[in-house]
Undergrad: 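Encoded as structure tokens, here's the structure I'll be asking about.
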Amino acid sequence: MRPFLSVEGLVGKTVAIAMSGGVDSSVAAALLLEQGYHVIGVTMRLWSGCSGAASSNPDVVAQAGHVAAQLNIPFHAFELREDFRHRVVDPFCREYLAGRTPNPCVVCNKYLKFGRLLELAGRLGADYLATGHYAAITRSGAYWQVQKAVDRNKDQSYFLFALNQQQLEKCLFPLGRLTKQAVRAIAAKQNLVVAEKSESQDICFIPDGDYAGFLQTQCRIDAAGGDIVHVSGRVLGRHPGAYHYTVGQRKGLGIGWTEPLYVVAIDAPKRQVIVGERQWLDRRDLTVAGCSWNIPTPMQAFACNCRIRYRHTEVPVMVEPLGSDRAEVTFADPQQGVTPGQAAVFYQQDRVIGGGWIE
RNA sequence: UGGGGCGUCGCCAAGCGGUAAGGCACCGGAUUUUGAUUCCGGCAUCCGCAGGUUCGAAUCCUGCCGCCCCAG
């Protein structure tokens, strides 16, 4: 186990804390100080809020710097807009164009936060990079693994599945053993300026939640509409662009039917959104690609639990490796809302052992 | 222009003389570091139109309008 509260092990250790100006990362910073680490505040400038909507959002860098000043720790902001655009935003747009539903947070964690930022923090002399994620890190044999947070309601282990051993060995998650309530209490007790901030929002680079508008203006996505087609083949309506939809979605179809209709599939080339009654969402299995493992790379089928989206309660599955990079996942019971582009994350007890991207 | 059926919220649909169910859609809110889902709340003073019968009609009668089907 990594030293957590034993001061002896911490002497001289430097931790960079990724600060967002929010409650969680601010409290994490305060806790690290309390635990005796030498703490450096760092943050990333990822997206210029130049478009109208985003500019109304408080400046993350300024907020983070404000908190760092209050805690009296050094603070560094890194210019990472280029990397963010190429590693996160562009792929995000490409996924939507392909009729898939991306999860930019996972990608950002792997390449920006625990990629570029971790690297830059190391240059500042940091031994670890800490974040305000609700997750824990643990050692299992020769492997570092992400562990679910004690506050199961806030658990963010799902977003961290893609981190490799080199990244995990540098991680600290000071909030993993705390509840959100406790974190807020600490923020209040320390009089942190962010104590009363509300919970976070949508995709960080689309603060107003209008991701369709974002795709149109920032990614110049082709806004051509198409048919909404029932699984029976009957055309039920028109849509303004398939990228407005995601598999499993119910709201926004605008179709009066005898039952609720859900998006069952998206056929990007044909510009069709396929809809059907709820039972059409049931899937017995799925295939994941781009797998990463925090266990010895599996060579044969094994049982574990799986989450197919954030906040999904994991369900029992059989995982059958298809080479080292892909795998076939079979559910014990059919699941609804298997969405291409989302991550399937594998758990063993409360630990993340790997995951991949749903094809 | 012979016969039969039907017209209730944007869609589907209960009601059959006692003063407009429900589902879908939509809107609002809760939940949420992805997109969703889910949950809670709202949503026809009015039943194709016009008359009539009745204490009282969406429900009965008459006429008109509009659909659909079967016939030649």
Side-chain angles (χ1 to χ4, degrees), chain A residues 18-25 28 44 46-47 57 60 88-89 91-93 95-110 112-113 131-135 149 151-162 173 175 180 183 197-215 228 230 234 236-237 239 241-266 273 275-278 280-283 307-313 335-345 355 357-358:
Chain A
M19 304 182 76
S20 68
V23 179
D24 294 329
S25 60
M44 310 179 279
L46 297 176
W47 192 253
N57 227 39
V60 167
V88 179
V89 179
F92 173 84
C93 294
E95 286 283 272
Y96 268 114
L97 270 178
R100 297 155 59 88
T101 304
N103 186 327
C105 296
V106 173
V107 179
C108 179
N109 280 334
K110 181 166 182 63
L112 272 293
K113 196 171 280 181
T131 68
H133 280 101
Y134 284 86
D151 188 339
R152 291 296 153 90
N153 216 25
K154 297 295 298 181
D155 174 48
Q156 294 168 326
S157 59
Y158 176 89
F159 293 106
L160 301 167
F161 88 91
F173 302 128
L175 306 187
K180 181 73 190 193
V183 169
K197 268 182 97 170
S198 60
E199 287 303 277
S200 62
Q201 16 29 17
D202 308 286
I203 300 173
C204 72
F205 51 96
I206 310 179
D208 62 352
D210 179 18
Y211 67 98
F214 178 91
L215 290 167
I228 297 178
H230 187 259
R234 181 173 161 193
L236 298 183
H239 67 255
Y243 58 90
H244 283 90
Y245 305 91
T246 186
V247 170
Q249 178 172 337
R250 170 180 173 175
K251 295 291 176 184
L253 293 170
I255 298 169
W257 195 247
T258 53
E259 296 175 59
L261 290 175
Y262 297 81
V263 175
V264 171
I266 294 171
V273 172
V275 300
E277 291 75 7
R278 186 161 193 136
W280 290 91
L281 248 26
D282 282 340
R283 291 284 303 275
R307 281 185 188 169
I308 57 172
R309 73 187 86 87
Y310 178 53
R311 287 178 65 77
H312 177 232
T313 303
Q335 294 298 305
Q336 305 186 318
V338 172
T339 307
Q342 293 289 290
V345 178
W357 300 97
I358 299 172

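Throughout, protein chains are lettered first and strands after them, A, B, ... in sequence-line order, and every chain is numbered starting at 1.
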Undergrad: Just call it for A:Thr339: base, sugar-phosphate, or nothing, with non-hydrogen atoms closer than 4.0 Å on any strand.
TA: base
Undergrad: Is there a Watson-Crick or G-U wobble partner for B:U62 with both distances under 3.5 Å, and if so, which one is it?
TA: B:A50
Undergrad: Taking OH from A:Tyr262 and C1' from B:U37, how many angstroms apart are they, rounded to a whole number?
TA: 8 Å
Undergrad: Taking atom types as modelled, is there a side-chain donor on A:His230 or A:Glu277 under 3.5 Å from an acceptor on the other?
TA: yes
Undergrad: With A:Pro104 as reference, evaluate A:Asn109, A:Ile206, A:Ile203, A:Leu112 under the side-chain contact (heavy atoms from CB on, under 4.5 Å) test and give the passing residue.
TA: A:Ile203
Undergrad: With a 3.5 Å cut-off and heavy atoms only, can you find an N or O donor on one side and an acceptor on the other between the side chain of A:Thr101 and the base of B:G35?
TA: no
Undergrad: When all nucleic acid strands are considered with a 4.0 Å heavy-atom cut-off, which category describes A:His133: base, sugar-phosphate, or nothing?
TA: base
Undergrad: Using atom P of each nucleotide, how far apart are B:G17 and B:G10 to the nearest Å?
TA: 27 Å
Undergrad: If we ignore angles and hydrogens, is there a donor and acceptor under 3.5 Å between the side chains of A:Gln336 and A:Arg283?
TA: no
Undergrad: Atom CG of A:Asn153 and atom P of B:C39: how far apart are they, to the nearest Å?
TA: 17 Å
Undergrad: Name the closest nucleotide to the A:Lys251 side chain, picking from B:U31, B:A25, B:U34.
TA: B:A25
Undergrad: Determine the interatomic distance between C1' on B:G66 and the same-named atom on B:C26; round to the nearest Å.
TA: 28 Å
Undergrad: Can you check whether A:Tyr134 and A:Phe173 have ring centres sitting under 6.0 Å from each other?
TA: no
Undergrad: Atom CZ of A:Arg100 to atom P of B:A36: distance rounded to whole Å?
TA: 17 Å
Undergrad: Would you indicate what A:Gly254 reaches in the nucleic acid, counting non-hydrogen atoms under 4.0 angstrom: base, sugar-phosphate, or nothing?
TA: sugar-phosphate
Undergrad: Does a distance-only test, which skips hydrogens and angles, find a donor-acceptor pair under 3.5 Å between the side chain of A:Gln336 and the base of B:U37?
TA: no
Undergrad: Verify whether the ring centers belonging to A:Tyr211 and A:Tyr96 lie closer than 6.0 Å.
TA: yes
Undergrad: Touch check for A:Tyr211, heavy atoms < 4.0 angstrom, all strands: base, sugar-phosphate only, or nothing?
TA: sugar-phosphate
Undergrad: If I pick the P atom on B:C24 and the same atom on B:A20, what distance separates them, to the nearest angstrom?
TA: 23 Å
Undergrad: On a whole-Å scale, what distance lies between the P atoms belonging to B:A50 and B:U59?
TA: 13 Å
Undergrad: Tell me the partner of B:U8, counting only Watson-Crick (N1-N3 plus N6-O4 or O6-N4) or G-U wobble (N1-O2 and O6-N3) with both under 3.5 Å; none if nothing fits.
TA: B:G15
Undergrad: Touch check for A:Phe92, heavy atoms < 4.0 angstrom, all strands: base, sugar-phosphate only, or nothing?
TA: nothing
Undergrad: If you only use heavy atoms from C-beta on, which nucleotide in B:G35, B:U32, B:U34 is closest to the side chain of A:Tyr158?
TA: B:U34
Undergrad: For the P atoms, the ones on B:C9 and on B:G5, what distance do you get once it is rounded to whole angstrom?
TA: 22 Å
Undergrad: Could you tell me whether the side chain of A:Glu95 reaches within less than 4.5 Å of the side chain of A:Pro340, counting heavy atoms only?
TA: no
Undergrad: Counting only N and O atoms by type, is there a donor-acceptor contact under 3.5 Å from the side chain of A:Gln342 to the main-chain atoms of A:Ala344?
TA: no
Undergrad: Nearest whole Å is fine: how far is B:C11 P from A:Arg234 CZ?
TA: 14 Å
Undergrad: Given that A:Pro104 and A:Gly252 both sit by RNA chain B, which one's nearest nucleotide is further toward the 5' end?
TA: A:Gly252
Undergrad: What nucleotide among B:C26, B:U34, B:U32 has an atom nearest to a side-chain atom of A:Lys154?
TA: B:U32
Undergrad: Rounded to whole angstrom, note down the P distance from B:G48 over to B:G3.
TA: 24 Å
Undergrad: Given atom CG of A:Asp282 and atom C1' of B:U37, what is their separation to the nearest angstrom?
TA: 14 Å
Undergrad: Should the pair A:Tyr310 and A:Phe159 be assigned to parallel (<30°), tilted (30 to 60°) or perpendicular (>60°) ring geometry?
TA: tilted
Undergrad: Measuring from the side chain of A:Thr246 (C-beta onward, heavy atoms only), which nucleotide among B:C26, B:U32, B:A36 has the closest atom?
TA: B:A36
Undergrad: Report the distance from atom CG of A:Leu236 to atom P of B:C12, rounded to the nearest whole Å.
TA: 13 Å
Undergrad: Classify A:Val247 by what it touches in the nucleic acid, base, sugar-phosphate, or nothing, heavy-atom distance under 4.0 Å.
TA: base
Undergrad: Please report the distance separating the P of B:A21 from the corresponding atom of B:C27, rounded so that it comes out in whole Å.
TA: 24 Å
Undergrad: Using ring centroids (six-membered ring only for Trp), state whether A:Phe214 and A:Phe205 fall under 6.0 Å.
TA: yes
Undergrad: What's the gap between B:C65 and B:C11 when it is taken at their C1' atoms, as a whole Å value?
TA: 23 Å
Undergrad: Tell me the partner of B:C26, counting only Watson-Crick (N1-N3 plus N6-O4 or O6-N4) or G-U wobble (N1-O2 and O6-N3) with both under 3.5 Å; none if nothing fits.
TA: B:G42
Undergrad: Just the table, please: protein N/O against nucleotides 22-24 of chain B N/O, every pair under 3.5 Å.
TA:
| from | atom 1 | to | atom 2 | distance (Å) |
| --- | --- | --- | --- | --- |
| B:G23 | O2' | A:Thr258 | O | 3.0 |
| B:G23 | N2 | A:Trp257 | O | 3.2 |
| B:C24 | OP1 | A:Arg250 | NH2 | 3.0 |
| B:C24 | O4' | A:Trp257 | O | 3.1 |
| B:C24 | O2' | A:Ile255 | O | 3.2 |
| B:C24 | O2' | A:Trp257 | N | 2.7 |
| B:C24 | O2' | A:Trp257 | O | 3.2 |

Undergrad: Please state how far atom CD1 in A:Ile308 lies from atom P in B:U34, giving the value in whole angstrom units.
TA: 16 Å
Undergrad: In this structure, how many angstroms lie between the P atom of B:U34 and the CD atom of A:Gln342, rounded?
TA: 10 Å
Undergrad: Mind checking if A:Gly237 touches a base, just sugar-phosphate, or nothing, with heavy atoms under 4.0 Å?
TA: nothing
Undergrad: May I ask you to decide whether A:Arg311 forms a salt bridge with A:Asp155, counting only side-chain N to carboxylate O separations under 4.0 Å?
TA: no
Undergrad: Look at the side-chain N and O atoms of A:Tyr134 and state whether any lies under 4.0 Å from the OP1 or OP2 oxygen of B:U32.
TA: no
